[in-house]
Amino acid sequence: MNTNKRSSVVVIGNGMVGYKFCEKLLAKDKNSGQFMLTVFGEEPRVAYDRVHLSAYFDGKTAEDLTMAPMDWYIDNGIQLYLSDPVVDIDRERKQIRSHHGVVVPYDYLILATGSGAFVPPLSGVEKDGVFVYRTIEDLDLIQSHARKARKGAVLGGGLLGLEAAKALLDLGLEEAHVVEFAPRLMPRQLDDAGSSVLQRQLESLGLHIHLSKSTQEITGDDTITGMQFNDGSHLDVDMLVISAGIRPRDELAKLSGLETHPRGGIVVDNFLQTSDPSIFAIGECAVVHHMIYGLVAPGYEMAEVVAARMMGDDKEFKPYDMSTKLKLIGTDVGSFGDPFAAEPECRTVVYENRAKGIYKRINVSADGKELLGGILVGDADQYNMLLQTCKNKTILPPDAEDLILGSRGGEEAGAGVMSLPDDALICSCEAITKAMLCHEIGENGNDTIDLLKKATKACTGCGGCTPMVKDIIQGVQKAKGVYVRNILCEHFDFTRQELFDLVKINGLKTYTSVLNTFGKGDGCEVCKPATASILASLWNENILAKDRAPIQDSNDRFLANIQRGGTYSVMPRVAGGEISPEKLIVLGQVAQKYGLYTKITGGQRIDLFGAHVGDLPKIWEELIVAGFESGHAYGKSLRTVKSCVGTTWCRYGVQDSVTFAIELENRYKGLRSPHKLKSGVSGCTRECAEAQSKDFGLIATDKGWNIYVCGNGGTKPQHAQLLASDVDKETAVNLLDRFLMFYVKTADPLARTATWLNKMEGGMTYLKAVVVDDVLGIGAELEREMQLIVDTYACEWKEVVENPELRKRFSHFVNEPEVKDPTVQFEPLRDQVKAKEWA
Amino acid sequence: MDVIAINKDKYTWQAACTVDSIPEDGGACVLLNGQQIAIFNFTRRGEWYATTNECPHRQQMALSRGMIGSLGNEPKVACPFHKKTFSLKTGECLNDEGYQIATFPIKVEDGVVYVGV
């Protein structure tokens with residue numbers, strides 16, 4: 001290739017948009033190779049995801065946030081200069097000079113200089129303890145200052161300001177304040193009512209919100225001590241994060257004589273061209289259509305337009321939708337179309353539920369046919385559909401309120417994602433339409449999220465479109481007449497339920513025999529534990545015997561829960577949460593002897609953390625002598641049956657909940673299932689054992705027991721539903737046998753009972769028909785299968801402790817069994833130790 | 001692209017352990033010159049592999065405790081912590097670009113496993 005003929009493209013700025021431009025140009029230029037890219041960045045690191053910056057305080061590392069690693073630039077032949085801002089553009093000679101004196105000639109110059117934080121001209125902004133919130137370096141400074149600060153404030157209650165406020169909470173400040181000049185939060189996205197609902201949600205999380213506050217000065221000598229407001233009030237703070245808006249970085253453009261806007265920003269036309277035809281500006285430094293687009297998606301679209309035009313395509317940057325949806329400190333907020341449209345040109349529908357912290361507003365055109373825009377606070381599940389309805393000018397149903405309230409009676413409003421037009425933009429970060437996705441799924445067979453990510457880059461930006469993309473995959477497959485089967489993985493063309501039956505009928509007891517008979521390839525981390533669970537549910541043999549140890553997930557493989565740093569936690573069974581003083585003493589002695597951190601768990605037992613893998617058999621040997629047995633905290637199996645004290649002690653109790661809880665826990669202990677099982681038994685309707693949040697729970701009545709099933713806490717809490725009422729103990733056990741075995745046999749891998757029920761056709765009515773009314777005639781069989789599990793129970797740890805072959809596997813180094821992992825490190829925590837924080 | 005972190009011309013074979021100390025179709029860790037090395041006995045394929053024991057994602061010494069398997073025909077191991085999977089042949093991370101583990105030459109003679117370090 002003759003490099004002399006290649007055009008030189010210089011990109012100034014290595015932020016998200018600058019990076020995206022390189023990615024897009026490279027993709028388009030792959031075959032022709034006509035461009036040579038040089039990139040200058042001011043920051044010391046390669047482009048990273050600034051949108052998710054607050055995740056940095058949530059455990060994400062700078063590396064996690066990186067858009068593409070350094071190797072990507074090298075592999076793609078990009079000459080990258082970091083920590084080296086461009087200081088001069090010589091437009092006559094068409095060359096630039098960097099701070100370090102690098103001179104590069106250009107044919108095309110792309111300004112992607114982005115924006116900096118806007119710092120209002122207040123007296124005192126230079127004091128120590130005053131920060132902006134823009135780069136990873138800013139975050140490091142904030143983090144280090146926060147260690148000695150107690151009270152912090154954020155100046156600015158917009159989108160970024162609230163993100164910064166979340167960061168202050170995450171950093172553990174005692175008091176976190178938000179100070180906003182406008183009379184409401186997120187003034188560009190929310191109306192007064194929406195802001196007020198959001199404010200209440202944020203206040204309930206411990207944020208202090210001050211609205212209509214104009215700051216006069218920042219007080220303190222060298223270091224900030226407080227903020228003085230124009231209304232005479234004062235706020236004591238040790239640190240302040242200024243997040244009052246952005247200021248386009250146009251200084252270089254100005255210096256080079258390019259046209260800039262009086263209020264900041266590089267003026268460009270609809271093709272992102274500056275007043276110099278060889279120079280383009282994209283992202284937050286550009287003023288296009290008389291405005292700055294302060295979001296990443298339009299920035300990406302600008303990158304696309306410039307890259308496309310350089311390849312000779314005719315493309316124009318059109319006014320871009322500024323709709324946005326995000327999760328602010330746990331509260332969903334969405335704002336789309338024209339959120340503020342008001343009468344007379346539109347009719348507004350508002351739903352407000354202050355008890356639940358939900359506010360929804362939609363603005364419908366005066367003729368009732370189109371959706372103009374709206375606001376969602378507290379529940380933004382309908383955001384994607386509303387946005388699409390708005391953008392595509394879909395004709396609305398006669399009762400527009402169904403859009404936000406759901407249909408009350410009858411069918412759901414709208415026909416879901418498949419009713420959208422082909423050109424509906426599904427992934428706005430990468431500008432991917434429904435038609436493009438349907439084509440990839442239907443014609444090219446990219447029918448999983450992972451494959452679509454690779455093929456189209458959909459879902460790789462903000463990830464907000466993932467649920468819709470999943471629905472489109474299902475929709476396309478249904479339309480093709482494909483019966484959508486949830487097969488295990490590439491090695492087994494069966495659902496878990498099918499494989500369960502096949503293994504049972506053929507009496508297979510090892511993974512290898514299952515893979516040889518019904519699978520292909522060498523297995524993987526999905527089908528191995530799934531098969532292990534099936535084998536255990538069917539035959540109840542020791543999970544580490546035969547070839548089964550290496551197919552267990554690592555917790556099951558070492559019969560303990562792996563924790564940070566690679567140590568394990570030990571949790572013996574304490575059925576029903578009842579424990580004698582003697583046993584408590586033994587737990588204390590063992591923890592002391594092996595240096596373990598102890599904590600009471602939510603399931604009414606005691607967890608011992610920080611055990612070296614080599615110590616596990618010795619620890620268990622001592623626990624077993626004292627009468628303990630495995631608690632299966634490591635398994636997808638029954639965890640605990642939580643109980644309240646019931647009639648044993650409580651003056652309200654109507655049944656003996658502790659005894660029943662212990663009986664149930666001992667009955668189902670060791671039962672391997674698709675996911676973990678939790679249970680609770682309450683002695684009266686006050687429900688202190690929280691049985692209605694469990695996979696199965698019992699609540700005492702005057703006449704017997706009410707059985708609830710398919711509840712869970714976790715990411716998506718769901719209440720359990722009533723299966724049977726006022727039954728005696730024996731009936732309750734029979735019904736639970738059937739229910740649990742039916743779940744074990746038919747659920748997908750890693751589906752909790754609630755998820756299983758939600759996917760079940762016919763739902764609770766069907767489940768009741770099978771379990772209580774035995775419409776399938778399998779009740780007796782299910783009970784028999786459960787009885788086999790109960791009869792064959794053996795403590796796994798006792799078997800390991802007594803079996804030298806199994807016991808041998810518990811060492812970190814097989815060639816040095818006595819040596820412990822030297823990288824394990826602990827840090828002091830109150831009176832105990834904790835795992836060292838991971839890097 | 002060859003990014004395996006060793007110079008292939010410069011290694012010496014070191015006896016690591018006996019064959020039976022590594023479970024079939026599973027892995028275990030050995031300590032060699034202060035270095036933690038994960039050894040995998042991929043019985044199903046009749047192959048042996050050696051990699052670093054450390055997963056680069058969270059710097060955890062745990063790869064030897066991971067489940068092995070295949071992606072297409074590529075042999076792989078899944079870290080037990082967050083299920084990043086790595087090719088046992090090249091050390092490349094198969095489900096998250098940007099991570100890489102080192103692999104080592106390995107051979108079995110007379111029931112003893114040797115690793116080239």
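Being a predicted model, the structure only gives us computed values, none of them experimental.
In this structure, B:Gln60 CD and A:Thr567 OG1 are separated by 9.0 Å, a value rounded to the nearest 0.5 Å. Note that SG of B:Cys29 and CD of A:Glu816 are 11.0 Å apart. Values are rounded to the nearest 0.5 Å.
With a 4.5 Å cut-off on non-hydrogen atoms, B:Asn73 does not touch chain A at all. Only the side chain of A:Asp64 comes within less than 4.5 Å of a heavy atom of chain B; its backbone N, CA, C and O stay farther away. Only the side chain of B:Tyr99 comes within contact range of chain A, judged by heavy atoms closer than 4.5 Å. Heavy atoms of A:Asp553 lying under 4.5 Å from chain B belong to its backbone as well as its side chain. There is no contact between B:Ile37 and chain A, counting heavy-atom distances below 4.5 Å. Looking at A:Tyr511, neither its backbone nor its side chain comes within 4.5 Å of chain B, counting heavy atoms on both sides. Contact annotation for B:Arg65: both backbone and side-chain heavy atoms come within less than 4.5 Å of a heavy atom of chain A.
With a 4.5 Å cut-off on side-chain heavy atoms, A:Val526 and B:Lys83 do not count as touching. Put simply, the side chain of A:Thr823 reaches to within 4.5 Å of the side chain of B:Gln36, judged on heavy atoms. Contact of the B:His57 side chain with the A:Thr61 side chain is not registered, since no non-hydrogen atoms from C-beta on lie closer than 4.5 Å. Between A:Asp71 and B:Gln100 there is no side-chain heavy-atom pair separated by less than 4.5 Å. When side chains are defined from C-beta on, B:Ser70 counts as touching A:His491, because their heavy atoms get closer than 4.5 Å. Side-chain contact check for B:Arg44 versus A:Leu515: some heavy-atom pair is nearer than 4.5 Å.
The environment of CD in A:Glu63 is sparse: at most 12 heavy-atom neighbours from other residues, nucleotides or ligands sit within 6.0 Å. Summarising the local packing, CD of A:Glu827 is surrounded by more than 12 heavy atoms from other residues, nucleotides or ligands at distances under 6.0 Å. No more than 12 heavy-atom neighbours from other residues, nucleotides or ligands sit within 6.0 angstrom of NZ on A:Lys60.
The shortest heavy-atom contact between A:Ile551 and B:Met67 is O-SD, 3.6 Å. Between B:Pro23 and A:Pro550, the closest heavy-atom pair is CB-CG, 4.2 Å. Counting all heavy atoms, side chain and backbone alike, B:Asp25 lies closest to A:Lys528 at O-NZ, 4.1 Å. The minimum heavy-atom distance linking B:Lys76 with A:Glu525 is given by the pair NZ-OE1, 3.1 Å. The shortest non-hydrogen separation linking B:Val30 to A:Phe813 is C-CD2, 3.6 Å.
For B:Asp20 and A:Lys808, the salt-bridge test fails: no basic side-chain N is under 4.0 Å from an acidic carboxylate O.
Interface remark: of the candidates A:Pro69, A:Cys489, A:Ala68, A:Gly566, A:Gly566 forms the most heavy-atom pairs closer than 4.5 Å to chain B. Note: A:Asn815 leads A:Asn815, A:Val824, A:Asp450, A:Ile562 in heavy-atom pairs under 4.5 Å with chain B. For the set B:Pro75, B:Gly72, B:Ala28, the entry with the most heavy-atom pairs within less than 4.5 Å of chain A is B:Gly72. Heavy-atom pairs under 4.5 Å with chain B were tallied for A:Gln552, A:Arg557, A:Arg809; the largest tally goes to A:Arg809.
By the side chain to side chain donor-acceptor pair (under 3.5 Å) test, A:Glu818 is found to be paired with no residue, residues two or more places apart in sequence or in another chain being considered.
The one candidate from B:Ile39, B:Thr18, B:Ile22, B:Leu31 that meets the side-chain contact (heavy atoms from CB on, under 4.5 Å) condition with A:Val814 is B:Ile22.
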- Does the pair A:His812 and B:Asn53 meet the rule for a side-chain contact (heavy atoms from CB on, under 4.5 Å), with working shown? CA-CA 11 Å; A:His812 188 72; B:Asn53 192 32; 3.8 Å; yes
